[in-house]
Structure formats: structure tokens, C-alpha cells
Amino acid sequence: MVVTRYCNLECAYCSEYDKVSKPVPMADLLERIDALAKLGTQVVTLTGGEPLTHPNLAEIVRRIRFHGMVATTITNGFLLTAKTIEGMNAAGLQELQISIDGVKPDAISKKTLNPSWGS
């Protein structure tokens with residue numbers, strides 16, 4: 001489920017982001033989660049853009065878990081902090097996938113183990 005189109009990176013190959021969209025409104029996301037639960041959905045993966053840019057990501061995870069569904073997310077990892085991780089753990093996030101494309105950044109991808117984008 002896309003929670004935002006905004007991303008903190010600009011990888012040339014990606015068309016799943018922009019730099020202007022606001023996060024999907026919480027009322028819409030909660031309605032979608034409730035509808036997925038009614039359909040018998042087992043797993044909800046939060047995506048984007050960059051999901052960690054959504055200001056209410058923990059609340060979204062909490063709602064997914066409230067319905068007994070598995071909550072996962074895919075992130076580039078650059079915005080992870082101890083506070084974010086603690087919040088996701090407390091909300092019940094069960095799986096976090098960090099998406100990287102290589103070791104060093106290049107003209108195509110910034111999602112790398114070496115975040116020195118200027119190198």
C-alpha cells in the first residue's frame with residue numbers, strides 16, 4: 001500500500017516517487033486498511049516513495065496490527081533513526097526490508113551502502 005509518493009532520493013530508474021506530493025491522508029489510509037482487513041488480507045506492505053517520510057507511519061502500522069494482519073515496509077533506510085525504529089517496534093512492525101542497489105552511488109542510483117552521494 002503506497003503511503004506517500006514523496007522520496008528523499010532521486011534514483012534515475014525509479015518512477016515511484018516525486019518531490020511534491022503530500023503523504024496520503026490518514027483517513028484514506030485507515031479506510032483502506034479496514035477494507036483490506038474485511039477482504040481477508042493477511043499481509044500489508046507499506047511502500048512509496050519513501051514510507052519513512054510519512055509522519056504517521058507508526059499509527060498506520062498499529063492499525064494494520066489491530067486487524068491481525070502482518071505489517072511490513074520497504075525503505076531505502078536513509079531516514080532510519082533509533083527513535084523511528086523504536087516507534088515501529090512499539091507499533092508492531094513485523095518486517096522491514098531495506099532496499100539498496102549497490103555499494104557506491106552513481107548516476108542511476110543513490111540507494112547504496114556508501115551514502116556519500118557526491119563521490
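If you read the sequence from its start, that first residue is 1, and numbering goes on from there. Just so it is clear, the model here is predicted, and its values are computed rather than measured.
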- [ ] For H54 and I60, run side-chain contact (heavy atoms from CB on, under 4.5 Å): C-alpha distance rounded to whole Å, both residues' side-chain angles, the deciding distance at 0.1 Å, then the answer.
- [x] CA-CA 9 Å; H54 196 290; I60 297 165; 3.8 Å; yes
Open item on the list: Under the criterion side-chain contact (heavy atoms from CB on, under 4.5 Å), I'd like the reasoning laid out for T4 against K22: C-alpha separation, chi angles, the key distance, then a yes or no.
Closed with: CA-CA 7 Å; T4 184; K22 302 269 188 244; over 6 Å; no
Open item on the list: Using the rule given for side-chain contact (heavy atoms from CB on, under 4.5 Å), can you reason through T75 versus Q97, listing the C-alpha separation, both sets of side-chain angles and the distance that settles it, and then say yes or no?
Closed with: CA-CA 6 Å; T75 176; Q97 177 182 327; over 6 Å; no
- [ ] Please assess T112 against I100 for the test side-chain contact (heavy atoms from CB on, under 4.5 Å), listing each intermediate value before the final yes or no.
- [x] CA-CA 5 Å; T112 60; I100 59 170; 6.0 Å; no
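Grouping Ile, Leu, Val, Met, Phe, Trp and Tyr residues whose side-chain heavy atoms lie under 4.5 Å apart, directly or via other members, leaves V2 alone, with no other cluster members. Side-chain heavy-atom separations under 4.5 angstrom define the hydrophobic clusters, and the remaining members of the one that includes V70 are V43.
Within the structure, the side chain to side chain donor-acceptor pair (under 3.5 Å) test picks out the following pairs touching residues 36-47 (sequence neighbours left out): T45-T72.
With sequence neighbours left out, T81 forms a side-chain hydrogen bond (donor to acceptor under 3.5 Å, both in side chains) with T84. Judged as a salt bridge (charged side-chain N to carboxylate O under 4.0 Å, His left out), and not counting sequence neighbours, the contacts of R5 are E16. When the side chain to side chain contact (heavy atoms under 4.5 Å, CB included) test is applied to R32, the partners found at least two apart in sequence or on another chain are M1, V24, D28, L29. Listed by chain and number, the residues in a side chain to side chain contact (heavy atoms under 4.5 Å, CB included) with I85 are L80, N89 (sequence neighbours excluded). In this structure D34 satisfies the salt bridge (charged side-chain N to carboxylate O under 4.0 Å, His left out) test together with R63, sequence neighbours excluded. Annotation: side chain to side chain contact (heavy atoms under 4.5 Å, CB included) contacts of D101 (sequence neighbours excluded): Y13, S109, K111. For K19, the side chain to side chain contact (heavy atoms under 4.5 Å, CB included) partners are Y6, E10, not counting sequence neighbours. Checked against side-chain hydrogen bond (donor to acceptor under 3.5 Å, both in side chains), Q94 has the following partners two or more places apart in sequence or in another chain: R65.
Residues K110 and C11 approach most closely at N-SG, 3.4 Å, considering heavy atoms. Of all heavy-atom pairs spanning A12 and A107, the tightest one is CB-O, 3.7 Å. In terms of heavy-atom proximity, P51 sits nearest to V3 at CA-CG2, 3.8 Å.
Rounded to the nearest 0.5 Å, atoms CD1 (I108) and SG (C14) are 12.0 Å apart. Summarising the geometry, atom CD1 belonging to I64 is positioned 11.5 Å from atom CD belonging to E59; distances are rounded to the nearest 0.5 Å. The distance from the CG atom of L52 to the CG atom of N8 is 8.0 Å, given to the nearest 0.5 Å. In this structure, OH in Y17 is found 12.0 Å from CG in N76, a value given to the nearest 0.5 Å.
L113 is not connected to I74 by any chain of hydrophobic side-chain contacts under 4.5 Å among Ile, Leu, Val, Met, Phe, Trp and Tyr, and they are in different clusters. Put simply, F66 and V61 are part of two different groups of oily side chains (I, L, V, M, F, W, Y) that touch within less than 4.5 Å, one to the next.
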